[in-house]
Amino acid sequence: MNSVPFDVGIMAIIVLNIVQMGITFENEPIFYTQMIDLSNYFFTLIFTIEMVLKMQAYSWRYFETTWNKFDFFIVMASLIDIIISWTPTEGNEALSVGP
């Protein structure tokens, strides 16, 4: 059930995602921020597809591996982050940050 090319491909995408997270900077142009956000959606989509494929392949045994549990947590946190970022905060004190 394991595929070396699949694992190597996912590892390469993880490295690219780490680079993407490291290239943000203060006062970056709006277009740059939008491209970073777009790439974040792309990486989240890829990692979500990876998780779903593994869940289909392994069924409930997916959660027997600590790395898979960690991947599941990261994907779920990323999806929640995206949903919250799309949620309008105006008039919703529970989601607003700051004064």
Side-chain angles (χ1 to χ4, degrees):
M1 274 193 212
N2 290 334
S3 167
V4 173
F6 181 80
D7 290 341
V8 169
I10 291 298
M11 187 58 68
I13 292 170
I14 290 170
V15 170
L16 288 173
N17 187 218
I18 291 169
V19 169
Q20 175 258 346
M21 289 188 292
I23 61 174
T24 61
F25 56 93
E26 192 172 341
N27 297 323
E28 60 193 16
I30 298 295
F31 178 75
Y32 189 85
T33 303
Q34 291 170 339
M35 291 299 102
I36 295 292
D37 289 345
L38 204 61
S39 67
N40 186 45
Y41 302 148
F42 170 76
F43 287 123
T44 301
L45 176 65
I46 295 297
F47 296 138
T48 302
I49 291 170
E50 175 211 11
M51 180 188 72
V52 168
L53 289 174
K54 282 186 169 183
M55 288 175 119
Q56 287 179 337
Y58 293 115
S59 187
W60 286 104
R61 291 178 300 142
Y62 173 84
F63 292 103
E64 292 176 0
T65 305
T66 304
W67 278 114
N68 288 343
K69 290 177 189 176
F70 178 70
D71 286 346
F72 180 82
F73 173 77
I74 296 298
V75 168
M76 289 298 115
S78 297
L79 291 172
I80 289 169
D81 178 57
I82 289 171
I83 290 167
I84 289 174
S85 73
W86 288 349
T87 304
T89 58
E90 191 172 314
N92 188 348
E93 294 300 317
L95 294 176
S96 66
V97 176

Rounded distance (nearest 0.5 Å) linking atom CD1 of I74 with atom CE of M51: 12.0 Å
Exceeds 12 heavy-atom contacts within 6.0 angstrom, atom CD1 of I30: no
K54 to N68 - nearest heavy-atom pair and separation: NZ-OD1, 3.6 Å
Validation row: I14, I18 side chains within 4.5 angstrom (heavy atoms): yes
Contacts of I83 that satisfy side-chain contact (heavy atoms from CB on, under 4.5 Å) - sequence neighbours left out: T87
Check: M11 and D7 side chains under 4.5 Å, non-hydrogen atoms: no
Hydrophobic cluster identity match, F63 and L79, side-chain contacts under 4.5 Å: yes
From E28 atom CD to I23 atom CD1, the distance as rounded to the nearest 0.5 Å: 8.5 Å
Shared hydrophobic cluster, I10 / Y58 (ILVMFWY, side-chain heavy atoms < 4.5 Å): yes
Atom pair OG1/CG of T65 and D71 - distance to nearest 0.5 Å: 10.0 Å
Common cluster, W86/L38, ILVMFWY with side-chain heavy-atom separation under 4.5 Å: yes
Geometric class of the F47/F43 ring pair [parallel <30°, tilted 30-60°, perpendicular >60°]: parallel
Enclosure of F25 CZ (heavy-atom neighbours >12, cutoff 6.0 Å): yes
Flag, side chain of T33 to backbone of P29, donor-acceptor distance under 3.5 Å: yes
From CA spacing to verdict: side-chain hydrogen bond (donor to acceptor under 3.5 Å, both in side chains), Q34, D37: CA-CA 5 Å; Q34 291 170 339; D37 289 345; over 6 Å; no
Candidate pair L16 and Q20, rule side chain to side chain contact (heavy atoms under 4.5 Å, CB included), full reasoning: CA-CA 6 Å; L16 288 173; Q20 175 258 346; over 6 Å; no
From N17 atom CG to S78 atom OG, the distance as rounded to the nearest 0.5 Å: 8.0 Å
Ring geometry between F72 and Y62 (parallel below 30°, tilted from 30 to 60°, perpendicular above 60°): perpendicular
Same apolar cluster: Y32 and F42, side chain cutoff 4.5 Å: no
Same apolar cluster: Y41 and I49, side chain cutoff 4.5 Å: no
Evaluation steps, side chain to side chain contact (heavy atoms under 4.5 Å, CB included), between E50 and L53: CA-CA 5 Å; E50 175 211 11; L53 289 174; 5.9 Å; no
